[in-house]
Colleague: 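Below you will find the structure I want to go over with you.
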There are 2 protein chains.
Amino acid sequence: MSDSLDLTALESLVGYNARRAALTIIGRFTENMARFELSPVDFSVLSVIHHNPGVTSRQLCLALNLLPPNMVVFLRTFEKRHLIKRSPHPTDGRAIGLSLTPEGMALMKEAEAAAAASDNDAVAKLTKAELATLRRLLMKIYQPK
Amino acid sequence: MSDSLDLTALESLVGYNARRAALTIIGRFTENMARFELSPVDFSVLSVIHHNPGVTSRQLCLALNLLPPNMVVFLRTFEKRHLIKRSPHPTDGRAIGLSLTPEGMALMKEAEAAAAASDNDAVAKLTKAELATLRRLLMKIYQPK
DNA sequence: TATTGTTATACTCTATAACTATA
DNA sequence: TATAGTTATAGAGTATAACAATA
C-alpha cells in the first residue's frame with residue numbers, strides 16, 4: 001500500500017513543522033543524554049545555572065518558561081544528586097542563589113559536549129549557513145517584543 | 001534586578017530553539033482553537049482524514065508519529081462527536097477506512113481557516129520568504145531519508 | 001500589599017503490554 | 001507468522017490553588 005498521503009494542509013503550518021522537528025531533535029537528545037540521567041528540561045535548567053551562578057529559581061522560571069512548583073522538584077532532585085548548591089541571596093532574604101557543585105560542573109562539562117554532539121547529529125542535513133538562519137528565525141518567533 | 005541571564009549555551013542548540021518556538025506557536029494555537037474543542041493533535045488527525053478520505057488508523061499513526069492505542073481514543077471521541085465515520089476497507093478486512101461526516105467537514109472548513117490565521121499571527125514577525133525558508137529547513141530535519 | 005519559594009494535587013499527554021480478528 | 005485495531009494501565013510532563021516567609 002502506498003504511504004503517499006496528502007499532508008500539504010498541515011505542512012503549510014509553521015507550528016506543525018516546528019513541533020515535528022523539535023520532537024525529532026529532542027527525541028534523539030533524550031536517548032543520547034540518558035547516560036547522564038538528564039531530561040531535556042533538566043539539562044536546560046542546569047545549563048542556565050552553570051553559566052549564571054547565583055541565579056534564582058524565579059529567574060530560571062522566567063528564562064525557561066517553567067512553573068515555580070515544577071522548578072522546586074527539579075532543584076530538589078539536583079540537590080539530592082549533589083549537582084547544585086543553594087546559597088543565601090546577598091540582598092533578598094526570600095531568594096536563594098543557585099550554583100553548580102564541583103560534581104555538577106564535572107557532569108555538565110561532559111553533558112554539554114554530548115548535547116552539542118547530539119544536536120549537531122540531528123540537524124546534519126543542513127549546512128552551517130542554514131543552521132544559523134534557522135536558529136535566528138526560531139528565536140524571532142519565541143522571543144518577546 | 002536585571003533579567004540579563006546568559007543563555008548562549010542553550011541558544012546554540014537547534015533543539016532548544018525549535019522547542020521554544022513550537023511551544024509558542026502551539027500555545028497560541030491551543031487558545032485560538034479552543035472554541036472548536038480541538039487540541040493541536042486533534043486538529044492534525046482530522047486534517048489528514050479531511051484531505052485523505054478512506055485513510056486507515058495505521059496510516060494516520062505513521063504519518064503523524066502517533067501511537068495506535070492513543071489513536072483509538074482520538075477516533076472514538078471524534079465518532080461520538082459525529083465528526084468522522086468508519087467504513088469497511090475495500091480489500092483488507094482488518095482495516096477501517098476513515099472519513100469526515102458532513103458535520104465534520106463543516107467544522108474543519110472553519111477550523112482550518114482559524115488554524116491558518118493563528119499560525120500566521122504567531123509568526124508575523126517573519127517575512128514570507130523567511131517563512132518559506134523556515135518550513136523547508138524544519139521539514140528537512142524531521143522527514144526521513 | 002506584592003513577591004519568593006514551597007506543598008499538595010490534578011490534569012494532560014504519551015508509552016507499554018497484552019489481547020482479537022484478519023491476512 | 002505478521003498486521004490492524006483495541007483494551008487497560010502506567011508513566012512523564014505540565015498546570016492550579018493555597019500557604020509561609022520576606023520585601
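Lettering of chains follows the sequences in order, A, B, ..., and the numbering in each one begins at 1.
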Colleague: Excluding sequence neighbours, so at least two apart, what forms side chain to side chain donor-acceptor pair (under 3.5 Å) with A:N17?
Modeller: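 Here the qualifying residues are B:Y142.
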
Colleague: Does A:L23 share a hydrophobic cluster with B:L67, counting links as ILVMFWY side-chain heavy atoms below 4.5 Å and allowing steps through other members?
Modeller: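 Looking at the clustering, B:L67 is in a separate group from A:L23.
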
Colleague: Treat primed atoms plus P, OP1 and OP2 as sugar-phosphate and everything else as base, then score nucleotides 17-23 of chain C 5' to 3': B for base contact with protein heavy atoms under 4.0 Å, S for sugar-phosphate contact only, - for none.
Modeller: B----BS

Colleague: Does any pair with a residue in residues 36-49 of chain B pass side-chain hydrogen bond (donor to acceptor under 3.5 Å, both in side chains), and if so which ones, sequence neighbours excluded?
Modeller: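 Of all non-adjacent pairs touching residues 36-49 of chain B, those that pass side-chain hydrogen bond (donor to acceptor under 3.5 Å, both in side chains) are B:S39-B:D42, B:S47-B:E112.
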
Colleague: If I take atom CD in residue A:Q59 and atom C1' in nucleotide C:dT3, what distance separates them, rounded to the nearest angstrom?
Modeller: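 Taking atom C1' of C:dT3 as the reference, CD of A:Q59 is at 13 Å.
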
Colleague: Provide the full list of ring pair (Phe, Tyr, Trp, His ring centres under 6.0 Å) pairs with a residue in residues 32-56 of chain B, sequence neighbours left out, each pair given once.
Modeller: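 Pairs touching residues 32-56 of chain B that pass the test: B:F29-B:F43.
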
Colleague: How many Å lie between CE on B:M71 and P on D:dA4, as a whole number?
Modeller: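 From B:M71 CE to D:dA4 P: 13 Å.
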
Colleague: Nearest whole Å is fine: how far is C:dT3 C1' from A:L62 CG?
Modeller: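 It is 12 Å, rounded to the nearest whole Å.
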
Colleague: Between D:dA4 and B:R86, is there an OP1 or OP2 to side-chain N/O distance shorter than 4.0 Å?
Modeller: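 Checking D:dA4 against B:R86, no side-chain N or O comes under 4.0 Å of OP1 or OP2.
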
Colleague: Write down the distance between CG (B:L60) and P (D:dT3), rounded to a whole number of angstrom.
Modeller: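 Rounded to whole Å, this separation is 19 Å.
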
Colleague: Residues in side chain to side chain donor-acceptor pair (under 3.5 Å) with B:T24, at least two apart?
Modeller: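 Here no residue qualifies.
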
Colleague: Name the closest nucleotide to the A:R76 side chain, picking from D:dG5, C:dT7, C:dT6.
Modeller: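 Output: C:dT7.
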
Colleague: Rounding to 10 degrees, work out the angle separating the end axes of the helix from C:dT1-D:dA23 to C:dA23-D:dT1 (five pairs an end).
Modeller: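 It comes to 10° between the two terminal axes.
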
Colleague: B:N120 side chain to B:A116 main-chain N or O, any donor-acceptor pair under 3.5 Å?
Modeller: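 Yes.
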
Colleague: Once salt bridge (charged side-chain N to carboxylate O under 4.0 Å, His left out) is applied, what residue pairs with a partner in residues 121-133 of chain B remain, sequence neighbours excluded?
Modeller: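 Passing the test, one end in residues 121-133 of chain B: A:R136-B:E130, A:K140-B:E130.
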
Colleague: Who else is in A:L131's hydrophobic cluster (ILVMFWY, side-chain heavy atoms under 4.5 Å, direct or via others)?
Modeller: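 Its cluster mates, by chain and number, are A:V14, A:I25, A:V123, A:L126, A:L134, A:L137, A:L138, A:I141, B:V14, B:I25, B:V123, B:L126, B:L131, B:L134, B:L137, B:L138, B:I141.
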
Colleague: Provide a list of protein-nucleic acid N or O atom pairs under 3.5 angstrom, restricted to nucleotides 11-14 of chain D.
Modeller:
from   : atom 1 : to    : atom 2 : distance (Å)
D:dT14 : OP1    : B:R19 : NH2    : 2.7

Colleague: Among residues two or more places apart or on two chains, list those pairs meeting salt bridge (charged side-chain N to carboxylate O under 4.0 Å, His left out) that have a residue in residues 86-97 of chain A.
Modeller: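 Residue pairs passing salt bridge (charged side-chain N to carboxylate O under 4.0 Å, His left out), neighbours aside: A:E79-A:R86, A:D92-A:R94.
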
Colleague: Can you list every salt bridge (charged side-chain N to carboxylate O under 4.0 Å, His left out) pair that touches residues 12-33 of chain B, not counting sequence neighbours?
Modeller: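 Sorted result for residues 12-33 of chain B: empty, none.
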
Colleague: Roughly, in whole Å, what's the span from CD1 in A:I96 to P in D:dA20?
Modeller: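 Between P of D:dA20 and CD1 of A:I96: 18 Å.
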
Colleague: Scan for ring pair (Phe, Tyr, Trp, His ring centres under 6.0 Å) pairs involving residues 58-85 of chain B, sequence neighbours excluded, and state none if there are none.
Modeller: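 Residue pairs passing ring pair (Phe, Tyr, Trp, His ring centres under 6.0 Å), neighbours aside: none found.
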
Colleague: Rounded to the nearest Å, what distance is computed from the NE2 atom of residue A:H89 to the C1' atom of nucleotide D:dA21?
Modeller: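 Whole-Å distance recorded here is 16 Å.
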
